[in-house]
Amino acid sequence: DNSMLIFLPFIAIIITFVKNAALYFQTVLMQLFVNKITNKLQEDIYTSILKLDLKKFQSMHTGTLLAMILQSSAAVSNGLNLIFTVLIRELLTVAFLLGVMIYQNAELAALSLIAFPLVFVPIMKIAKRIKRLASSNLSASQGMFVSIDESLKSFRLIKTYGTEGYEIKKIKNVITERYKLVKKIILTGSLSGPIVECISIIGVALIIWYGGNSVINGTTTPGTFFAFFVSMTMAYKPLKSFSNLNITIQSFLVASKQMFEIMDEKTTLEESPNSKELTKVKGDIEFKNVYFKYNEALETESYILNNINIKIHSNNKTAFVGPTGAGKSTIISLIMRLYDPISGEIKLDGKNLKNIKIKSLRENISYVGQDIQLFDDSILNNLKYAKQNATIEEIEEAIRLANADEFIKKLPEGLETKVGQAGVNLSGGQKQRISIARAILKNSKIVILDEPTSALDAISEGLIKDA
């Protein structure tokens, strides 16, 4: 047909242009979609982590949580990308081509499906094994994050003890163990394609034999047979793609499960339905028959606080004195409601802490501990962490009262000086005075000092006690 010689080349050009335009927009949209999903998942995981109880948070390593934010969210996004691009597209392609095959020759179509059940069994077994390996690999990846995180946080200690070789060997072993798991995943996952192809060829061979006989016997035309054969071979490609997606899909399932366990974690520090904001705080605190231990489920663990009854009066300085492990810091944690007592009650101005909104309670407490926590930011921003809308006059007054102005003035950039990670650019006394200035700036009715001078020299201690 001479007219088709003119028509078909133009159709081929148009189809190619349409296909590639569609492919471009699909690629762009899906990459934006994946990045958007990743960002949202990372925000949600981070939000969920910050809402965890202190007890739950302390049972997990920061390296594990960091791996979850970075790796698990990426695994879920990649899985979603494959579901929306490859799986949906290829399923539609197979469904369409199967329809064409049935329309062209129902007998041949039924014959071509004989190999399907044979493919299904080994693929499911491979999927189960990959899921187990993917779970182990996720744990190994998080273990690697934990090891590297601990090494970097202990950089000074490593240098002091000269243990660089030991740390390198330790990290190398962790990386090697993870590589072994990845190798098993690759070896197992790569079986899918060859198995699908080897079993599928049985169906192809039957089609060639049965279809070829039909053509020779004159019951079907060569054109119909080859049209059917082309449809079948086109349908084979997406089926093979499904089998090759095993690793990504199983990683997606494992990462999703772990992420949603964190997101669905319920807090044990519940506010009562009628909990209220604090107003006109006096600062009277009372412990009534308080019992507490950290592991409530462990019956053999003895109580840290046993039938404690205390009255702390407002406008007074109250000191708790006792040996290490006596429960001083535990009492502080209970006042700030980082934990709840096993039994008994704690009251502030006659109100049970459980009937006060947690945010409102903590807004009325300033805390200075021996373990000072500063962000890798300027002194100014570390101070404003206690009061975001503080004026420069309030900040200057706070640092003067904390005896911090004398060293801040000597710094080249003053309040804009970067303190470094965990305040590494400052001395212990300087960090402590910034912490006290931060507490003064917050200007709370209740001020808690947890041995803030325990690790300081006499001069720094004197300045801090004065502050």
Side-chain angles (χ1 to χ4, degrees), residues 1-27 30 82-128 130 186-249:
D1 188 340
N2 290 335
S3 61
M4 292 301 285
L5 286 175
I6 299 168
F7 178 69
L8 282 177
F10 281 108
I11 291 295
I13 292 168
I14 291 166
I15 287 173
T16 303
F17 272 85
V18 170
K19 175 195 168 184
N20 283 285
L23 189 62
Y24 170 78
F25 284 109
Q26 177 196 291
T27 304
M30 286 313 302
L82 283 170
I83 288 166
F84 282 104
T85 53
V86 181
L87 281 180
I88 292 176
R89 183 187 66 209
E90 303 295 29
L91 277 171
L92 289 170
T93 304
V94 170
F96 174 78
L97 290 170
L98 194 58
V100 171
M101 288 159 62
I102 292 167
Y103 173 76
Q104 287 172 336
N105 194 315
E107 285 183 10
L108 287 177
L111 201 62
S112 67
L113 295 173
I114 284 175
F116 271 38
L118 300 173
V119 170
F120 186 75
V121 174
I123 291 302
M124 288 306 295
K125 285 186 176 179
I126 288 170
K128 282 182 181 178
I130 288 175
I186 292 168
L187 289 170
T188 306
S190 299
L191 282 172
S192 301
I195 286 172
V196 168
E197 193 161 345
C198 288
I199 295 174
S200 298
I201 198 66
I202 297 168
V204 174
L206 284 170
I207 294 300
I208 293 170
W209 172 77
Y210 186 83
N213 274 319
S214 299
V215 172
I216 291 166
N217 296 333
T219 53
T220 190
T221 64
T224 301
F225 172 67
F226 280 105
F228 178 90
F229 195 79
V230 168
S231 299
M232 184 186 69
T233 51
M234 285 174 70
Y236 162 73
K237 182 182 174 290
L239 284 173
K240 191 177 178 182
S241 297
F242 292 156
S243 63
N244 292 332
L245 293 176
N246 243 334
I247 296 171
T248 308
I249 295 299

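In this text the structure is predicted, and so the values were computed from the model without any measurement.
Atom CG in Asn20 sits 12.0 Å away from atom CZ in Phe25 (nearest 0.5 Å). Lys128 NZ to Ile123 CD1: the interatomic distance, rounded to the nearest 0.5 Å, is 13.5 Å. To the nearest 0.5 angstrom, Leu91 atom CG is 11.5 Å from Leu98 atom CG. Here Ile15 contributes atom CD1 and Leu8 contributes atom CG; the two are 9.0 Å apart, rounded to the nearest 0.5 Å. To the nearest 0.5 Å, the span separating CZ on Phe226 from OG1 on Thr221 amounts to 10.5 Å. Between the CD1 atom in Ile186 and the CD1 atom in Ile130 there is a gap of 11.0 Å [rounded to 0.5 Å].
Contact of the Pro122 side chain with the Ile199 side chain is registered, since non-hydrogen atoms from C-beta on lie closer than 4.5 Å. By the 4.5 Å heavy-atom criterion applied to side chains, Ile207 and Val204 are not counted as neighbours. In this structure the side chain of Met101 never reaches within 4.5 angstrom of the side chain of Leu108, judged on heavy atoms.
For Met30, the CE atom sits in a packed shell: over 12 heavy atoms of surrounding residues, nucleotides or ligands are nearer than 6.0 Å. For Gln26, the CD atom sits in a packed shell: over 12 heavy atoms of surrounding residues, nucleotides or ligands are nearer than 6.0 Å.
At least one donor-acceptor pair under 3.5 Å links the side chain of Thr219 to the backbone N or O of Ser214. Side-chain atoms of Ser190 do not come within 3.5 Å of backbone N or O of Leu187 as any donor-acceptor pair. With Gln104 contributing its side chain and Thr224 its backbone, the two residues share no donor-acceptor pair below 3.5 Å.
Taking all atoms of both residues into account, the shortest heavy-atom contact from Asn105 to Thr220 is ND2-OG1, 4.5 Å. Among all heavy-atom pairs drawn from Ile201 and Cys198, the shortest one is CG2-O, 2.9 Å. The minimum heavy-atom distance linking Phe225 with Ile208 is given by the pair CZ-CA, 4.3 Å.
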